[in-house]
Amino acid sequence: MPRKGNRKRLKYKAGDVCSESVTVADYADADPAVVKSGRVKKAVANAIEKEVKLLCGLEASQGAVEEVLSSAGNVKVDALGSSDDLDPEEDGDLDTKVAHKKKNKRRKENSESNIDGMEYPVDIWLVLSSYIRPEDVCTFALICRNAWTVTCTAAFWTRLYRRHYRIDGGLPFCLQPDSIARMRYLRASVIRSLFHLYEPFSQRVAKIPALPESTPTTPLNSKCLLCWVKKVSETRPEALWEFSFKFIKQGPTKKGCAQSLHVPRQYKDVHMNPDSDCYVLQVTTLNFILTPVVMGMTLTLFTISVSTDMRHHRVRLVFQDSPVQHGRKRGDQGGTQVVLDPVHSVKLMDWWHPQYPTSLPYT
């Protein structure tokens with residue numbers, strides 16, 4: 001049997017095709033050994049249709065012309081619908097045209113649907129903000145610019161505080177209604193109050209384990225602002241010691257969408273928060289341990305491992321005089337080392353944590 005690739009195909013040029021050059025080999029009953037496909041090529045079908053149209057007003061009769069036109073039209077449709085009779089170049093051109101048509105159609109639909117919506121005034125968004133939950137504040141602020149502006153106002157945070165305030169909420173003195181009445185630090189005070197009053201937030205804090213499952217990486221490359229030791233007495237017969245280290249993030253601020261919007265000038269006092277980039281690492285030990293002074297130094301290594309007695313944990317902190325450059329690793333050689341062993345619990349608290357020692361001047 002002859003190979004499939006050895007079959008000959010009849011090739012015509014559009015200008016050379018006429019009614020006399022159409023043979024039996026161009027139709028469905030042609031010899032498959034001569035022609036690969038039994039349909040007329042696209043170029044031949046176009047040439048036949050063009051010639052038939054020219055004959056409409058000359059020697060062809062009206063009935064015969066209509067019959068030939070319908071036949072040629074069917075041949076053209078079959079030629080376009082089949083991929084066997086198209087050359088690879090013609091097939092590629094057809095796919096390109098279809099892709100361009102779809103792209104233009106999609107662009108037209110997008111342009112029609114891209115219609116400016118209605119912009120509602122700030123007063124309407126302020127009314128709607130009275131019905132959102134505390135955990136949906138960020139989602140509400142992302143709706144539009146006016147909705148974000150509402151979340152910057154003092155009225156928004158004051159209403160949010162009054163909706164969830166309870167007398168038996170156990171709020172500290174600095175978060176009582178008398179202290180919330182002023183605008184300065186209002187947003188930070190309300191957020192801290194919600195972690196005392198709002199049950200979903202308080203449960204989130206209560207679920208934090210005494211010892212983290214893995215060593216936190218947040219304090220790394222942060223500057224130590226303060227460190228202090230406090231003796232605490234709990235249900236245990238022996239007293240415990242709390243070693244606290246207050247850190248602040250270092251390095252350039254990230255460039256993004258957060259810097260494109262600026263808080264209105266009249267509400268800058270509402271958003272003031274000196275502890276926004278700070279957190280406290282609190283390590284509770286069973287014994288008092290003498291530690292070196294590390295204030296002003298940068299934390300470069302933080303590990304939590306098993307103690308030598310295999311019953312407790314051991315915390316190791318390494319501080320350096322300068323921060324580590326981005327992408328570089330610095331070993332623990334030559335730094336100031338703080339080892340706390342045995343450890344009872346480890347807490348890393350953000351500024352909104354109920355046990356965070358705030359530095360806001362409420363007095």
[X]: partners by side-chain contact (heavy atoms from CB on, under 4.5 Å), with sequence neighbours left out:
{"X": "His271", "result": "Cys152, Trp157, Arg187, Val263"}
{"X": "Glu135", "result": "Arg133, Tyr198, Phe201"}
{"X": "Gln203", "result": "Glu199"}
{"X": "Thr151", "result": "Val137, Phe140, Ala141, Trp148, Phe156"}

Short side-chain to backbone donor-acceptor contact, [X] and [Y], under 3.5 Å:
{"X": "Gln176", "Y": "Leu171", "value": "yes"}
{"X": "Ser222", "Y": "Pro219", "value": "yes"}
{"X": "Thr149", "Y": "Arg145", "value": "yes"}

State, yes or no, whether a side-chain contact exists between [X] and [Y] at a heavy-atom distance under 4.5 Å.
{"X": "Asn146", "Y": "Glu119", "value": "yes"}
{"X": "Val270", "Y": "Thr153", "value": "no"}
{"X": "His164", "Y": "Pro134", "value": "yes"}
{"X": "Leu286", "Y": "His344", "value": "yes"}
{"X": "Cys227", "Y": "Met295", "value": "yes"}
{"X": "Ile304", "Y": "Arg314", "value": "no"}
{"X": "Gln282", "Y": "Met349", "value": "yes"}
{"X": "Pro274", "Y": "Trp351", "value": "no"}

Quiz item: If you measure from the Lys or Arg side-chain nitrogens to the Asp or Glu carboxylate oxygens, is any gap between Asp275 and Lys246 under 4.0 Å?
Solution: yes

Once you round to the nearest 0.5 Å, how far does [atom1] of [X] lie from [atom2] of [Y]?
{"X": "Tyr279", "Y": "Leu348", "atom1": "OH", "atom2": "CG", "result": "7.5 Å"}
{"X": "Lys347", "Y": "Ile208", "atom1": "NZ", "atom2": "CD1", "result": "8.5 Å"}
{"X": "Thr303", "Y": "Arg316", "atom1": "OG1", "atom2": "CZ", "result": "5.5 Å"}
{"X": "Leu220", "Y": "Gln250", "atom1": "CG", "atom2": "CD", "result": "12.0 Å"}
{"X": "Leu281", "Y": "Phe243", "atom1": "CG", "atom2": "CZ", "result": "12.0 Å"}
{"X": "Met297", "Y": "Thr336", "atom1": "CE", "atom2": "OG1", "result": "3.5 Å"}

Report the residues that fulfil side-chain hydrogen bond (donor to acceptor under 3.5 Å, both in side chains) with [X], sequence neighbours left out, ordered by chain and then residue number.
{"X": "Thr215", "value": "none"}
{"X": "Ser193", "value": "none"}
{"X": "Ser130", "value": "Arg159"}

Self-check item: Donor-acceptor side-chain pairing of Thr285 and Asn287 below 3.5 angstrom
Solution: no

Establish whether [X] and [Y] are linked, either directly or via other cluster members, by ILVMFWY side-chain heavy-atom contacts under 4.5 Å.
{"X": "Leu301", "Y": "Ile289", "value": "no"}
{"X": "Val229", "Y": "Leu226", "value": "no"}
{"X": "Leu142", "Y": "Ile124", "value": "no"}
{"X": "Trp352", "Y": "Tyr161", "value": "yes"}

Quiz prompt | Pairing residues for Lys230 by the salt bridge (Lys or Arg N to Asp or Glu O under 4.0 Å) criterion, not counting sequence neighbours | solution =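 If we apply the salt bridge (Lys or Arg N to Asp or Glu O under 4.0 Å) test to Lys230, skipping adjacent residues, the hits are Glu242.
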
Practice problem: Go through the structure and list residues passing salt bridge (Lys or Arg N to Asp or Glu O under 4.0 Å) with Asp168, not counting sequence neighbours. | Solution: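 Partners of Asp168 under the salt bridge (Lys or Arg N to Asp or Glu O under 4.0 Å) test: Arg166.
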
Practice problem: Report the relative orientation of the aromatic rings in Phe247 and Phe319; use parallel for angles under 30°, tilted for 30 to 60°, perpendicular for over 60°. | Solution: parallel

Taking every non-hydrogen atom, the tightest pair across [X] and [Y]:
{"X": "Ala188", "Y": "Asn273", "value": "CB-CG, 3.7 Å"}
{"X": "His196", "Y": "Leu175", "value": "CD2-CD1, 4.0 Å"}
{"X": "Thr158", "Y": "Ala154", "value": "OG1-O, 2.7 Å"}

Quiz item: ring pair (Phe, Tyr, Trp, His ring centres under 6.0 Å) with Trp241: which residues, sequence neighbours excluded?
Solution: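 Here the qualifying residues are Phe288.
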
Quiz item: Got a sec: does the CZ of Arg162 have more than 12 other heavy atoms crowding it under 6.0 Å?
Solution: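 No - once you tally the heavy atoms of other residues, nucleotides and ligands closer than 6.0 Å, there are 12 at most.
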
Quiz item: Which pairs pass ring-ring contact (aromatic ring centres under 6.0 Å, His included) with one or both residues in residues 209-233, sequence neighbours excluded?
Solution: none

Quiz item: How does the hydrophobic cluster around Met310 look, that is, which other residues are in it when side-chain heavy atoms under 4.5 Å mark a link?
Solution: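 Joined to Met310, directly or through intermediates: Val306.
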
